[in-house]
Amino acid sequence: MIELRELTKRYGGRVAVDALSVRVQPGVVTGFLGPNGSGKSTTMRMILGLDAPDHGAALIGGVPYADLNRPLQTVGALLDAGAFHPGRSARAHLSALAASNDLPGSRVEQVLRTVGLSEAATRRAGTYSLGMRQRLGVAVALLGDPAVLLLDEPVNGLDPEGIRWIRDLLRGLAADGRTVFVSSHLIAEMALTADRLVVIGRGRLLAETTVAELAAGDESLEDAFFRLTSQATDYRGVGAS
Ligand SMILES: Nc1ncnc2c1ncn2[C@@H]1O[C@H](COP(=O)(O)OP(=O)(O)O)[C@@H](O)[C@H]1O
Ligand SMILES: [Mg+2]
């Protein structure tokens, strides 16, 4: 489980994440939905200890990321595809990570298979397409077989086949009983992938709901999302990703 307690982050005078309190439960895909600039990436960075909150806390299984004994085996993350040494192959990259985290080498071949990179495993990551880099990023996230997964807009830049693949993968991981927290600014995509939804705007929690609940009303999903977020959207803030 992921728990956010009044999680708050300011950049200069501006609040990026505003007293966000949420519990993300295992066994379902939870979509983290909000317009560009609403604080999704900042929240995910704080969960992973890459950014320090100004107030509040982000806990994984009750513990802040920095206090985890085996971080890679507790939480896997895909924040920024392409964060690889371009001269290293997928297999070399994963093997180095496995070695430095005390993970068995057999995990490398397993995750390469899961993400469909076995054939391309010896190619330099610098030659990979965006879709292949996303797959390598997912392989890194899965390497430690973690119970918690965080993915920041994993669908961005993927082709339809890649989108379908990631959707099926996330649903399978949740069905295994894992906690899957995935961000997007697209309600249509989340409607196909997520069960639960955490909707934010300008860093604030706007709704905790389900796709089924949102779809049950008279409005279209797009209209419901727009209604939820329009009151909170500050168009001066839009443009960040
Ligand atoms: N490193 C930073 N320095 C200053 N402002 C930032 C930084 N990171 C994010 N922001 C600001 O915080 C707000 C939330 O950004 P972000 O978390 O990237 O939103 P999202 O991922 O939902 O698009 C935006 O207004 C953005 O400009
Ligand atoms: Mg973002």
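We use all heavy atoms of the structure for the numbers below, so side chains are in, but hydrogens, waters and symmetry mates are not. As the structure lists them, so they are numbered: ligands from 1, and atoms in each ligand from 1.
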Distance-only donor-acceptor check, side chains Ser183 and Asp152, under 3.5 Å: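 Judged by distance alone, the side chains do pair up.
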So is [X] in contact with ligand 1, going by heavy-atom distances below 4.0 Å?
X	answer
Gly34	no
Pro35	yes
Arg14	yes

Element-labelled atoms of ligand 1 that are located less than 4.0 Å from some non-hydrogen atom of Asn36: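 What qualifies from ligand 1 is 23 (O).
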Ligand-side contact atoms (ligand 1) for residue partner Ser41, heavy atom cut-off under 4.0 Å: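 Once the distances to Ser41 are compared, the set is 17 (O), 18 (O), 20 (P), 21 (O).
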Within the structure provided, determine whether [X] and [Y] are in side-chain contact (heavy-atom separation under 4.5 Å).
X	Y	value
Leu214	Val199	no
Leu94	Val140	yes
His185	Glu153	yes
Val211	Met190	no

Min N/O separation Ala16 to ligand 1 under 3.5 Å: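 In this structure, Ala16 places no N or O atom under 3.5 Å from an N or O of ligand 1.
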Polar atom proximity, Lys40 to ligand 1 (N or O, under 3.5 Å):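 N/O-N/O distance below 3.5 Å exists for this pair.
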Nearest option to atom 23 (O) of ligand 1, as decided by whichever heavy atom of Gly39, Ser38, Gly37 sits closest: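 The residue whose heavy atom sits nearest atom 23 (O) of ligand 1 is Gly37.
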Nearest neighbour of atom 16 (P) of ligand 1 from the list Thr42, Asp152, Val15, Val17, on a heavy-atom basis: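 Looking at heavy atoms only, Thr42 sits closest to atom 16 (P) of ligand 1.
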N, O or S from Ser41 under 2.8 Å to the Mg ion (ligand 2):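 Within the cut-off used here (under 2.8 Å), Ser41 does place an N, O or S atom near the Mg ion (ligand 2).
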Arg135 bridged to Glu119 by N-O distance under 4.0 Å: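 Looking at Arg135 and Glu119, the cut-off is not met.
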ring-ring contact (aromatic ring centres under 6.0 Å, His included) involving Phe32 - partner list, sequence neighbours excluded: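 By the ring-ring contact (aromatic ring centres under 6.0 Å, His included) rule, Phe32 matches Phe181.
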From Leu151, Ile166, Val155, Leu149, residue fulfilling side chain to side chain contact (heavy atoms under 4.5 Å, CB included) relative to Val182: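 It is Leu151, the one option of Leu151, Ile166, Val155, Leu149 that forms the side chain to side chain contact (heavy atoms under 4.5 Å, CB included) with Val182.
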Proximity of Arg45 to ligand 1 by residue part, where a heavy atom lies under 4.0 Å: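 Just the side chain.
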